[in-house]
Amino acid sequence: MTALGSKTATKSSPTPPRLMTRKRWVIIWLAFIGLSINYLDRSSLSVALPFMGKDFELTATQQGLIFAAFFWAYDFCQLAAGWYVDKVGPRRSFSLAAVWWSAFTMVTAAATNFWSLFAARFLLGVGESPAPSTAAKVVATWFPVRERAFATSIWDSGSRVGAVIALPIVTLIVALTSWHAVFIIIGIAGIIWAAVWWKVYRSPQEHPGANAAEVAYIEEGGARGEGSDDANAAKLPWRALFKYRTILSMMFGFFCLNSAIYFFITFFPSYLVKERGFDLLKLGMFGAIPGICAVLCGWLGGYLADRAVRAGVSVTKVRKTAIAGGLIGGSVIMFAALVPEAWMALALLSVAYSSLTVAATGIWSLPADVAPSSRHVGSIGGLQNFASNLAGIFTPVLIGVLVDQTGSFVAPLAVIGAVSLIGAANYLFVLGKVEPLKVKEPVPAA
């Protein structure tokens, strides 16, 4: 009998909880590190660019096009990336993606003009596109429903951690060496992480570090492994997902969420400097507060959601409460431009960002919740992430136009707050019941 057979054969026998391994938490924290590096790579250019001025003569328009190059590639590759993750699995997709994005991070150090920098950023976006769908697939594979939200909050927080640590890490490397070294060092870190992921990651049933008790706990708790798939549902073609109202609602709702979150990724520092008079020291000291609050509240929101599921609350009620409640909380961003004191604005922005992060935790739990089979988790993650990142293309432009036309951030923050409320209504009244999509008619074999 094989080792896998031995593990499967014994997992039905009673095993004291204390003997159950906890390899799933090692896996998800490793995914968190990967997402942190992922966001560190994409954020590094915005921090390093001011130090690159003597080597590049770039207009503001050219700089904007270079930043946009990443999002054009990253967003439109999401559609294929989700399918790719389902096709090859998390071990291969995450490792190869990390090698790709790390290589083109290092290539950035060799850029000498606008077009070479544009190409490096475009190809970086291609390489980073499978990361979030892979992480969602990892959670679906390794975690029971009652732990899904907290596990999601861990990997999703990597995006905020990577963005927050970019400023001190990049400026320190530049101070000690040069801007070229920034991209080489960060790229090497990604290569090392990819090697570790390839070495460590396996499915629960194949992992030597997960004993029979943990595998049974994962499978019996509703994890989306291939052994749990309905044969007919597994044949559902990717394009058929667009026929479901649930999928379309998820895509639209995530667009609404990211319309608010992209304010923090793009114009937030400018708002503090121009509207609230922050100098560089204040920006460095206080500008990270909303991001730190968002990470901690995301973890707390995921933990409380899982507690509610374990207590018997329906997954539908838990997910809709977290997502709609988070979007409603995020709508307070509209009042940040109206309060008289800077600390009041910062407090409101911290509440908004934290609430939006709680909503994101619920949103990224949905692919595993609604996928008709394990073979659709990555695809659904890619679809909703494609829609969400359209906000990354359009929202900064809208904010910039409104600021230019009105001379303040009052109008753009009001629009963002309103979009958040629309997103909350979408999840409450359009999404429907959170459960695996039903395939009513037999699907012919491909």
Side-chain angles (χ1 to χ4, degrees), residues 29-56 63 66-67 70 98 101-102 104-106 108-109 111 117 120-121 124 128 131 153-194 196 261-274 276-299 342-343 345-347 349-350 352-354 356-357:
W29 281 108
L30 185 57
F32 160 81
I33 295 172
L35 265 295
S36 298
I37 295 173
N38 179 281
Y39 267 76
L40 176 61
D41 281 18
R42 74 173 67 176
S43 303
S44 57
L45 181 64
S46 62
V47 181
L49 196 58
F51 302 102
M52 298 163 61
K54 63 181 180 181
D55 298 308
F56 291 85
Q63 292 179 33
I66 287 170
F67 287 132
F70 172 89
W101 86 56
S102 300
F104 283 101
T105 297
M106 290 188 283
T108 306
L117 196 54
R121 290 293 292 184
L124 176 68
E128 291 201 357
S153 74
I154 291 174
W155 76 256
D156 183 57
S157 67
S159 62
R160 276 154 280 283
V161 171
V164 168
I165 65 176
L167 183 60
I169 287 179
V170 172
T171 53
L172 177 62
I173 294 173
V174 172
L176 296 177
T177 54
S178 69
W179 68 263
H180 302 83
V182 169
F183 301 104
I184 295 172
I185 292 171
I186 295 175
I188 291 173
I191 296 290
I192 294 172
W193 181 88
V196 173
I261 283 183
Y262 268 101
F263 166 77
F264 292 94
I265 297 174
T266 56
F267 278 91
F268 172 63
S270 297
Y271 167 76
L272 293 182
V273 172
K274 294 179 179 179
R276 297 298 176 176
F278 280 35
D279 57 21
L280 187 60
L281 179 60
K282 283 186 177 180
L283 183 63
M285 290 178 62
F286 301 111
I289 290 176
I292 294 171
C293 292
V295 170
L296 297 177
C297 288
W299 291 349
W343 69 267
L346 199 60
L349 291 170
S350 297
Y353 201 11
S354 298
L356 295 168
T357 301

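Using the six-membered ring where Trp is involved, Tyr353 and Phe264 have ring planes that are parallel, under 30° apart on the 30 and 60° scheme.
When all heavy atoms are compared, the tightest approach of Ser102 to Gly187 is CB-O, 3.2 Å. Across every non-hydrogen atom of Phe278 and Ala342, the tightest pair is CE1-CB, 3.8 Å. Nearest approach of Ala109 to Trp179, heavy atoms of both residues: O-CH2, 4.0 Å. Contact detail for Ala98 and Gly190: the closest heavy-atom pair is CB-O, 4.2 Å. Across every non-hydrogen atom of Pro290 and Phe268, the tightest pair is CG-CZ, 3.7 Å. The minimum heavy-atom distance between Arg42 and Arg121, with the atom names listed, is O-NH2, 3.0 Å.
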* Asked: Which is it for Trp29 and Trp299 under the ring pair (Phe, Tyr, Trp, His ring centres under 6.0 Å) test, yes or no, and what are the steps along the way?
  -> CA-CA 12 Å; Trp29 281 108; Trp299 291 349; 5.8 Å; yes
Between Met106 and Phe183, is the side-chain contact (heavy atoms from CB on, under 4.5 Å) condition met? List the steps. CA-CA 5 Å; Met106 290 188 283; Phe183 301 104; 5.7 Å; no
task: For the pair Phe104 and Asp41, evaluate side-chain contact (heavy atoms from CB on, under 4.5 Å) and give the outcome as yes or no after the intermediate values.
output: CA-CA 10 Å; Phe104 283 101; Asp41 281 18; over 6 Å; no
Hey, mind stepping through Leu45 and Phe70 against side-chain contact (heavy atoms from CB on, under 4.5 Å) and telling me if it holds? CA-CA 11 Å; Leu45 181 64; Phe70 172 89; over 6 Å; no
#### Entry: Test side-chain contact (heavy atoms from CB on, under 4.5 Å) applied to Val196 and Leu30, step by step
CA-CA 9 Å; Val196 173; Leu30 185 57; 4.0 Å; yes
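Annotation: the span from Ile66 atom CD1 to Leu117 atom CG amounts to 4.0 Å, rounded to 0.5 Å. One distance of note links CD1 of Ile185 with CG of Leu172; it measures 9.0 Å at 0.5 Å rounding. Distance check, rounded to the nearest 0.5 Å: CG of Leu40 to CD1 of Ile33 gives 13.0 Å. To the nearest 0.5 Å, atom CD1 of residue Ile289 and atom OG of residue Ser354 are 11.0 Å apart. Here the straight-line distance linking atom CG of Leu124 with atom CG of Asn38 works out to 8.0 Å at 0.5 Å rounding.
The closest side-chain heavy-atom distance from Asp156 to Phe32 is not below 4.5 Å. Contact check for Trp101 versus Ile37: side-chain heavy atoms found under the 4.5 Å cut-off. Using a 4.5 Å heavy-atom threshold, the side chains of Trp343 and Phe286 count as separate. Counting only heavy atoms from C-beta outward, the side chains of Thr357 and Val295 never approach each other to under 4.5 Å. Side-chain contact between Leu35 and Ser159: absent, with no pair of heavy atoms (C-beta onward) separated by less than 4.5 Å. Side-chain contact check for Leu346 versus Leu272: some heavy-atom pair is nearer than 4.5 Å. Side-chain atoms of Ile186 and Ser44, non-hydrogen and from C-beta on, do get closer than 4.5 Å to each other.
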